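The structure under discussion appears below in the form of structure tokens.
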Amino acid sequence: MEYRPGEIEPKWRQWWKDNKTYQVKNNTEKPKYYILDMFPYPSGVGLHVGHPLGYIASDIVARYKRLRGYNVLHPMGYDSFGLPAEQYAIQTGIHPAESTKINLERYREQLDNIGFSFDWDREVRTSDPQFYKWTQWIFMQLFNHYYDKTSDKALPISDLVKHFEANGNAGIVAVCEEETPEFTGSEWNAMTEKEQLKMLLCYRLTFPGEAYANWCPALGTVLSNDEVKDGVSERGGHPVERKLMLQWNMRITAYADRLLEGLNTIDWPDSIKEQQRYWIGKSVGASVKFEVENHSDKKIEVFTTRVDTIYGVTFLVLAPEHEWVGALTHSAQRIEIEGYIKWAAARSEIDRMSEVKKVTGAFTGSYAINPFNGERIPIWIADYVLAGYGTGAVMAVPSGDQRDWSFANHFKLPVVPILDAQKNLEIAADPTKEGRYINSGIINGMTYTEAVPTLTAWMESKKIGKAKTQFKLRDAIFSRQRYWGEPVPAYWNDGLPYLIDTKDLPLVLPKVDKYLPTESGEPPLGRASNWRYQPAGSDAKFEYELSTMPGWAGSSWYFYRYMDPHNDNEFCGKDALDYWQDVDFYIGGSEHATGHLLYSRFWNNFMFDLGLVKNREFAKKLVNQGMIQGRSNFVYRAKEQFFEEYLMLKVLEPFFAEVGPIVISESDSEEGYNYDFAFEANNLVIEVTSRKQIEKIERIRQTATADGKRLLLLTTEELTASINDPEKISEKVKAALNSREPYIETKDQPAVEQLFVSHSLLYKYSPEAFTKLHVDVNIVENDVLNIEKTQTNPHFLNANFKLDPNGQYTCSFEVEKMSKTKYNVVNPDDIIAQYGVDCFRMFEMFLGPITDAKPWNTQGISGVSGFLRKFWGLFFDSKGQFNLSDEPANKEELKILHTCIKRVTEDLERMSMNTCVSHFMIATNELRRLNSNNKSALEALVIMMLPFAPHVAEELWGMMGQSGSVCDASWPILDETHLKKDSINYPIQINGKLRATLELPVDTSASDAEQAALALEQVKKWLEGNTPKKVVFIPNRMINIVV
RNA sequence: GCCCGGGUGGUGGAAUGGUAGACACGCAGGACUUAAAAUCCUGUGACUGUAGAGGUCGUACGGGUUCGAGCCCCGUCCCGGGCACCA
């Protein structure tokens, strides 16, 4: 019987569904194992081959652990709130819940096709009110708690109030706003209720506050740092600016130390831990206060990690945004300072990044006094000092810090050496801590380790400074001016926020007429009618908070919901939590290093403080699966033959007829000559990444328009605007078509050398041009373009043509991230249809180590496909009849089997799936060679194959007469005795180089082995009659003779 | 610039400090076939060679430790990912 995956695979999926094979119970005597995938955001494009990589790996581990006797929790769900659905809603008016549901069903269908062992009864969706009810509930807990530094945990606000009533805020060490004033118990009691509530906001773990935010005017929302890339929004590429706004914040900084320490307790990749450590950015140092001449009310506080350099301070630098800049500016300097501030504010993030080396700044005219030596030092402003870090002011030590040195050098400020070991200060700063201090008052002659405590003690006694630890980590902004997110369960009364009653959870997203900000600039929820809260026992209604929660809210705790997904009374029941505890193994992409993976740890720590969860860390072990990259194929051509025009026209041709206007946007990033293609609305958008392209485009345009066709060029800004307002674009198109004078931007630039056009795109839209192209292709070296294959599926082409000296067409490829706009996305459905799911699963694993990034390449899939057929063939005789021998397995069979058991087991434990596949191949090839059809051996192999190829395993299991699912079988037990060899083939090395091999019985003694080795002809030849200096003998391994 | 990974045949990749290149793809030759596909067998790091013997070289490059290094240490180059003036 032939192996027909197309028949057996759907059959078993249905069987699993009917028999609830993957249903997981919370109450069992078995040990638990919780293996979790990062849940996907269900985007409109569906799964590509990169998605399942991690899911397949986790599914293999889940199935393996189950065979090992664990009760395995392996759930899946959806991170279903998010910006793309909202953008789609803005464009189409379709409710995000609707489009999300459609996407989600597509995902589910694709996931089902891959044969995962998910318990779908436990599915969660963050946008489901029954889920976000608990996201809101956790938010309320954060609001109702503060962070107590003494016990180092979160405590109820009510405890804090009691303390305030008795003692004010003296004697309480809590994490709070920097400017929180001190007050006594009676002062507290004398405050109005409103004043008290306002004061409490300084302590709550989530609170509304003014903060600089990444405001994106085009999207009408605030973005998190990870959503901003190079000064533009990650999605859409819209400009982003820094803006002071009233936002909900999460006091994640309270947990900075614990988040840092916790990293030492978890088995996560070092790169992730490093990124988190850097992000938290703990630096230990001191803060020092500098008095300002003629401003007795102002003391400039600076933070430094090198307090030992205090005598080398020759000026202070404030951030241009520092609040005292205005007051400290002398009238003579006012024009210059104001000019500088204006200039600095106008600098975009990109400017700042690209001009790091440029020294800029301005002198305020004021002077500060160095508290250690009383010296008068000028106060400058410069934008290398960041307003958001530390105090927004630094003490500049040009001899020890390169930035300070450059600044001093540029503005001719003095450089004072402070250590005798400092060298070449006329060329650069020397940050050394070696040597002994000079010019340094009380620490003269001391070393670094002596100086620091001396200085700290001195300044603490004089109350001019103190030891301080500073974190880079900022409080996390939690508000989004968007529709498609969790509503914040709070309302406003007289400028103060109040929580709604727990009984009123979930606070369900209201309907709105449009998913855009209101006319007055309020978030979309401002459009909802009667979006007001009536507290119990109140006649009045109050306006709800209008912002929604960010994407990371739901994902910060979802792993607990899987444990008890249908619980209406708790986010997760106590019994379920007691049993499942935490995630044993978490698999997902490393791109979440400082986002999801940090916020989740923060929430988890908080929930741990409240006794809501069992462990400080939510995931014991984390593995990052590598990205599967796409392969984009390109066609090149030398410039002088005007190939580009030909190609472009061929590509564009169909569109002139079909879609009307063609939009070409221009962005002047770096070099590179890509035309990127994408569809926006109904237009073909060609993004030109170099100004040099404009001329080319213009020539094409002229050719095109001569034929009565139209082409329109737009700048990036216009394109951006068009996405938000489709009306605008059509106006522009109309105008351009009427005038027949499209907007063109040109520059005197040399013509491009070559041009890349996506290969597959060309095929897709102009098969004719594609065919033409390959007729005279000159094929070089081994990689041959298989035109047959290519024509059936342009994605699978394997072209690697070298540039031909005769100017022939040449092809090449680049490996890049899979993305829709690059036309290099490979959908798993096609492969599954051709080879079957089991083959797809095994092939993805066979591609290489799970953690490596690798380009998707179907070369080699035939090897896995062939292996599965061979494996299947082991169960059938030459007549095609299912035929197994019931004899006990012989020695050779046992050796093959147990070698396989040993290797696969070991490799599974270390997540080396690719080598597991090759072990199966070896076992299969060897059994075939023996013509073995031993039932007991094959039964064990079927069990081991289950995690990798579940359908074929179930089918063969059934054919072997077993009832029930092979999922409930037990992993074969390794018996090392079958691996024992009688003899060892020793490598004989001379001076570490292999010269011969020698077969010797196992456990041959050192002297016998030595004797036998020295007797070999090959060895004698190398010895040339000399006695060896030394013989190294490693039992059962090797012999090395040193001559 | 800083921090983390990595660099092995034509390709994807194997290799607790112990016979480098497992397994697979590709390629070449052969069997079967009217033919093709499929399948099976053999070969396949480079150079050299008396050619199924033997030898030399070989894991980015230069050093080192070791009886022995792809693996450990020092330096250099290149590629991938992350961060952005953090005082």
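In this text the structure is predicted, and so the values were computed from the model without any measurement. Throughout, a chain's letter reflects where its sequence line sits, starting with A, and its residues are numbered from 1.
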Need one value for A/I1034: base, sugar-phosphate or nothing, where a base atom within 4.0 Å counts as base even if backbone is also close, heavy atoms only. base

Using the C1' atom in both, what is the distance from B/rC25 to B/rC74, to the nearest Å? 39 Å

Assigned partner base of B/rG54, Watson-Crick or wobble definition, under 3.5 Å: B/rU48

B/rG5 -> Watson-Crick or G-U wobble partner, both distances under 3.5 Å, gives B/rC79

Please classify the nucleic acid contact of A/F867 as base, sugar-phosphate, or nothing, using heavy-atom distances under 4.0 Å. nothing

Heavy atoms only, 4.0 Å cut-off, all strands: where does A/S271 land among base, sugar-phosphate and nothing? sugar-phosphate

Rounded distance (Å) that lies between atom P of B/rA14 and atom CG of A/D852: 7 Å

Using a 4.0 Å heavy-atom cut-off across all strands, classify A/K1029 as base, sugar-phosphate, or nothing. nothing

Sticking with atom C1', work out how far B/rC61 lies from B/rG68, rounded to a whole angstrom. 22 Å

Assess whether one donor atom and one acceptor atom, taken from the side chain of A/R1037 and the base of B/rU19, lie less than 3.5 Å apart. no

Could you check how far CE of A/M913 sits from C1' of B/rA14, rounded to whole Å? 17 Å

P gap between B/rG70 and B/rG7, integer Å: 13 Å

In whole Å, what separates the P atom of B/rG75 from that of B/rC4? 13 Å

Tell me what A/R928 touches on the nucleic acid: a base, only sugar-phosphate, or nothing, going by heavy atoms under 4.0 Å. sugar-phosphate

Can you tell me which nucleotide in B/rC85, B/rA15, B/rC23 comes closest to the side chain of A/T915? B/rA15

Taking only the side-chain heavy atoms of A/T304 (C-beta and beyond), determine which of B/rA14, B/rA87, B/rU39 contains the nearest atom. B/rA87

Whole-angstrom distance between B/rA22 and B/rG13, as gauged at atom P: 15 Å

For B/rG18, give the paired nucleotide (Watson-Crick: N1-N3 plus N6-O4 or O6-N4; G-U: N1-O2 and O6-N3; both under 3.5 Å), or none. B/rC67

Could you check which of B/rG13, B/rA87, B/rC23 has an atom nearest any side-chain atom of A/Y389? B/rA87

Is NZ or CZ of A/K472 both nearer than 6.0 Å to the six-membered ring centre of A/Y389 and within 45° of the ring axis? no

Give A/W1022 one of three labels, base, sugar-phosphate or nothing, depending on what nucleic acid heavy atoms sit under 4.0 Å from its own. sugar-phosphate

When you compare B/rU44 with B/rG63, how far apart are their P atoms, in angstrom units rounded to a whole number? 33 Å

Proximal nucleotide (of B/rG18, B/rA87, B/rA24) relative to the A/T305 side chain: B/rA87

Under 4.5 Å between any side-chain heavy atoms of A/F948 and A/L908, yes or no? yes

By nearest atom, which of the nucleotides B/rG55, B/rA24, B/rC3 is closest to the A/E274 side chain? B/rC3

Calculate the interatomic distance between A/F948 atom CZ and B/rA24 atom P; express it in whole Å. 16 Å

Considering only heavy side-chain atoms of A/N985, the closest of B/rU19, B/rA24, B/rC67 is B/rU19

For A/M1038, report the nucleic acid contact type (base, sugar-phosphate, nothing); a contact means any heavy atom under 4.0 Å. base

When the distance from NZ of A/K993 to P of B/rG18 is rounded to whole Å, what number comes out? 19 Å

Under 4.0 Å, heavy atoms only, any strand: does A/K282 hit a base, just the sugar-phosphate, or nothing? nothing

Check against side chain to side chain donor-acceptor pair (under 3.5 Å), A/E301 and A/S287: CA-CA 7 Å; A/E301 190 176 345; A/S287 79; 3.2 Å; yes

Check whether any side-chain nitrogen or oxygen of A/R910 sits under 4.0 Å from OP1 or OP2 of B/rA15, and answer yes or no. yes

A side-chain contact here means heavy atoms from C-beta on lying under 4.5 Å apart; do A/M459 and A/I464 qualify? yes

Would you mind classifying the nucleic acid contact of A/K870 as base, sugar-phosphate or nothing, using non-hydrogen atoms under 4.0 angstrom? sugar-phosphate

Would you say the side-chain atoms of A/S865 and A/R869 include a donor-acceptor pair closer than 3.5 Å? yes

Any idea how A/Y340 and A/W343 line up, ring-wise: parallel (<30°), tilted (30 to 60°), or perpendicular (>60°)? tilted

Looking only at atom C1', what distance separates B/rC40 and B/rU33, rounded to whole Å? 13 Å

Once you apply the 3.5 Å cut-off to both distances, tell me the Watson-Crick or G-U wobble partner of B/rC85, or none. none

Should B/rC27 form a Watson-Crick or G-U wobble pair with both distances under 3.5 Å, which nucleotide is its partner? B/rG43

Determine the contact category for A/N1040: base if any of its heavy atoms lies under 4.0 Å from a base atom, sugar-phosphate if only primed atoms, P, OP1 or OP2 are that close, otherwise nothing. base

From B/rC67, B/rA24, B/rC85, nucleotide with atom closest to A/Y384 side chain: B/rC85

Please report, rounded to the nearest Å, how far the C1' atom of B/rG6 is from the CG atom of A/N624. 15 Å

According to a strict under-4.0 Å criterion, is A/S918 in side-chain N/O contact with OP1 or OP2 of B/rG13? no

What interatomic distance, in whole Å, is found between C1' of B/rG6 and the corresponding atom of B/rG43? 33 Å

Knowing that exactly one of A/V317, A/T309, A/N370 qualifies, which makes a side chain to side chain contact (heavy atoms under 4.5 Å, CB included) with A/M395? A/T309

Base partner of B/rU33, which must satisfy Watson-Crick or wobble distances under 3.5 Å: none

Any base atoms under 4.0 Å from A/Q989, or only sugar-phosphate, or nothing? Heavy atoms, all strands. base

Do A/E999 and A/S983 have a side chain donor and acceptor closer than 3.5 Å? yes

For A/K472 and B/rA84, what is the distance between atoms NZ and P respectively, to the nearest whole Å? 8 Å

When all nucleic acid strands are considered with a 4.0 Å heavy-atom cut-off, which category describes A/D404: base, sugar-phosphate, or nothing? nothing

A/I988 CD1 to B/rG18 P, straight-line distance once rounded to whole Å: 17 Å

Proximity to the side chain of A/N925 - top-ranked nucleotide from B/rC67, B/rC23, B/rG55: B/rC23

Nearest to the side chain of A/W279, which nucleotide is it out of B/rU19, B/rA84, B/rA15? B/rA84

As a test of reading the structure: which of B/rG13, B/rC67, B/rA87 is closest to the side chain of A/P849, going by heavy atoms? B/rG13

Syn or anti conformation of B/rG54, syn meaning chi within 90° of 0: anti

As a quick check of understanding, evaluate ring-ring contact (aromatic ring centres under 6.0 Å, His included) for A/F871 and A/F920, giving each step before the final call. CA-CA 9 Å; A/F871 179 72; A/F920 287 127; 7.5 Å; no

Could you state the atom-to-atom distance from CD of A/E591 to P of B/rG80 in whole Å? 18 Å

What do the steps show when you test A/F315 against A/F407 for ring-ring contact (aromatic ring centres under 6.0 Å, His included), and what is the final call? CA-CA 10 Å; A/F315 54 99; A/F407 196 86; 5.4 Å; yes

Categorize A/R869 for me: base, sugar-phosphate, or nothing, with a 4.0 angstrom heavy-atom threshold over every strand shown. sugar-phosphate

At under 4.0 Å between heavy atoms, what does A/S862 touch on the DNA or RNA strands: base, sugar-phosphate, or nothing? sugar-phosphate

